[in-house]
Amino acid sequence: MAIPTFLNRNVSDLCVGKPALKPLSAAATVSEVLALLNKSSEPHVSVWSCDHSKNVLEDECECRCVGKICMVDVICFLCKNENSDNLSKALETSVSQILPKGNLIVRHLAPNSSLLEAIDYILEGTQNLVIPVQNHIGGKSRKTQSKSSSLSCKHRDGIEYCWLTQEDVVRFLLNFIGVFSPITTSSIESLNIIDCNVMTIRYHEPAMSALDSLTLAHVEQTSVAVVDDLDRLIGEISPSTLAYCDETAAAAVMTLSSGDLLAYIDCGGPPEDLVDLVKVILQEKKLGALLELMDEELSLSSSSSCSVSSCSSDDELGVCRNNNGSGRYASARRAEAITCYPNSSLVAVMIQALAHRASSVWVMHDDNTLIGCVTFKGILKVFRSLANARQITR
């Protein structure tokens, strides 16, 4: 199959089996977001804005996804001084005010749009593509009727939506990797996709000093590297790992060193001595509201997202499970950094990233000093350039 032909496939081919989005109103408060995230089996919730001024039926309105929200957004929001000092007011803030600013993180796309269009949007900064869900019955496409919604209105015509992530697109390409041979066996160094402009923090520095970097890493689908004084990689503060914590992780970010924070979020839960340390520092800083929040969350369930958890030693993916198998999430990715080398092949890095559910892979020298990272966006640039090259030679 020719590469341009393959990349012209409809994005609906990637939507088979994807669950319908559970929408949250942009008018919801941070407190309502937390309640939904703590009950959800998904790390992100879609945020929708509805226009009731449209000339539509009484029980319908024009609704559009305007973003997504996860625990990382809440944690970074609560870490700001003005919010940690007045926690009750911060929890009543509208979710629309804490959505990531800048490029369109979420964009709507028609189901007959091409895979190439999807890749172009991702390269422009889109993280999630919102696609109408369609059922194929008897060879014909039929719109799926919405049975329930947390919004106060239905989407027009009752259509439900799913979304595609950067990971979904990379996984789909890996399933058909033979189409792109032999370029996928080339080294990441030769393909020039190693991003050397990475964000780092020293092991003993306060984690709070990396708050701006963490916010940026969340938007750019990367992580903050934790390094020693010789720039050797020790670990990473990853938004994808923080997304599996609860809101009390904000207290850890505000009080611990970056090295201690790695231990706090690893496997989805901290050791008791770090929990005690966070409480002591909160008392010293007179952050009573955060301390009360922490005590309340920890007392609700010993299996909460950031409670003590155990890891399966034979699980090569680093999956961790809570002691009693319950909690907001049954599993979480370890905080361990995923690494490769400049001579690693593109396909090997793709497999690594997908196997560990990591949106970026760190690139190191043989002595463990950090060079840079390879992201999903960097990987997709290779496939986009292949399409350009084939079109030029035709």
Side-chain angles (χ1 to χ4, degrees), residues 1-18 103-131 162-198 219-223 240 338-363 371-394:
M1 183 187 298
I3 290 176
T5 302
F6 179 86
L7 293 177
N8 280 329
R9 297 181 64 157
N10 290 348
V11 292
S12 58
D13 292 344
L14 284 69
C15 296
V16 177
K18 297 285 288 185
N103 292 334
L104 291 174
I105 302 298
V106 172
R107 300 183 72 153
H108 282 257
L109 201 61
N112 61 350
S113 299
S114 69
L115 177 57
L116 197 59
E117 289 179 79
I119 292 175
D120 284 340
Y121 279 134
I122 290 173
L123 295 182
E124 291 174 7
T126 299
Q127 293 182 10
N128 294 63
L129 297 163
V130 183
I131 317 291
C162 68
W163 59 23
L164 297 178
T165 65
Q166 297 178 9
E167 179 182 336
D168 291 328
V169 176
V170 173
R171 190 178 300 277
F172 183 78
L173 293 172
L174 181 63
N175 289 335
F176 297 92
I177 201 65
V179 175
F180 306 95
S181 182
I183 194 69
T184 51
T185 59
S186 300
S187 71
I188 55 175
E189 185 175 40
S190 67
L191 293 171
N192 196 31
I193 60 171
I194 302 174
D195 182 3
C196 297
N197 186 26
V198 295
V219 172
E220 295 186 350
Q221 298 277 269
T222 58
S223 298
S240 61
I338 310 304
T339 62
C340 67
Y341 299 94
N343 61 353
S344 298
S345 68
L346 175 66
V347 67
V349 173
M350 289 174 68
I351 292 171
Q352 263 190 298
L354 293 172
H356 293 279
R357 305 299 301 273
S359 58
S360 60
V361 178
W362 299 106
V363 187
I371 299 174
C373 71
V374 174
T375 63
F376 282 145
K377 284 179 65 175
I379 291 170
L380 291 175
K381 283 180 182 178
V382 175
F383 294 94
R384 187 61 178 90
S385 63
L386 282 176
N388 287 339
R390 294 302 174 90
Q391 289 170 349
I392 291 173
T393 56
R394 291 186 65 177

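Note that these values count all heavy atoms, side chains included, but never hydrogens, waters or copies made by symmetry. These numbers were taken from a predicted model, which means no experiment stands behind them. Heads up: numbering here begins at 1 and tracks the sequence.
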Close side-chain approach of Val363 and Val349, heavy atoms under 4.5 Å:
no
How many angstroms lie between atom CZ of Phe176 and atom CZ of Arg171, to the nearest 0.5 angstrom?
13.5 Å
So how far is it from Lys381 NZ to Asp195 CG, rounded to the nearest 0.5 Å?
7.5 Å
Scanning both residues in full, the closest heavy-atom pair of Val382 with Ser385 reads O-OG, 2.6 Å
Exercise: identify the closest heavy-atom pair between Tyr121 and Leu129
CB-CD2, 4.0 Å
Evaluate side chain to side chain contact (heavy atoms under 4.5 Å, CB included) for Leu346 paired with Ile193, printing each intermediate quantity in order.
CA-CA 9 Å; Leu346 175 66; Ile193 60 171; 3.8 Å; yes
For the residue pair Phe172 and Phe6, categorise the inter-ring angle as parallel (less than 30°), tilted (30 to 60°) or perpendicular (more than 60°).
parallel
Do the side chains of Ile177 and Met350 get nearer than 4.5 Å, heavy atoms only?
yes
How long is the span from the OG atom in Ser190 to the CD1 atom in Ile183, to the nearest 0.5 Å?
7.0 Å
Nearest heavy-atom contact between Arg357 and Ser240 is O-OG, 4.4 Å
Chi angles and distances behind the side chain to side chain contact (heavy atoms under 4.5 Å, CB included) call for Leu115, Asp13
CA-CA 9 Å; Leu115 177 57; Asp13 292 344; over 6 Å; no
Ser360 and Gln221 have their tightest heavy-atom pair at CB-O, 4.3 Å
A quick test of your reading: do over 12 heavy atoms of other residues, nucleotides or ligands sit less than 6.0 Å from CG of Asn192?
no
Can you measure from CD (Gln127) to CZ (Arg107) and round to the nearest 0.5 angstrom?
13.0 Å
Got a second to check how far Thr339's OG1 is from Ile371's CD1, nearest 0.5 Å?
11.0 Å
What's the shortest heavy-atom distance between Leu164 and Val11, and which atoms?
CD1-O, 3.9 Å
Side chain of Glu167, backbone of Ala358: donor and acceptor closer than 3.5 Å?
no
Evaluate the criterion side chain to side chain contact (heavy atoms under 4.5 Å, CB included) for residue pair Ile119 and Leu123; output intermediate values, then yes/no.
CA-CA 6 Å; Ile119 292 175; Leu123 295 182; 4.1 Å; yes
Between Asp168 and Thr165, is there a side-chain donor-acceptor contact under 3.5 Å, judged purely by atom types and distance?
yes
Between CH2 of Trp362 and OG1 of Thr222, what distance do you get to the nearest 0.5 Å?
6.5 Å
Can you find a pair of side-chain heavy atoms, one from Leu116 and one from Arg384, that are under 4.5 Å apart?
yes
Could you tell me whether the side chain of Asn10 reaches within less than 4.5 Å of the side chain of Pro111, counting heavy atoms only?
no
Closest contact, heavy atoms only, Trp163 versus Lys18
O-CE, 3.1 Å
Chi angles and distances behind the side chain to side chain contact (heavy atoms under 4.5 Å, CB included) call for Leu7, Phe180:
CA-CA 11 Å; Leu7 293 177; Phe180 306 95; 4.2 Å; yes
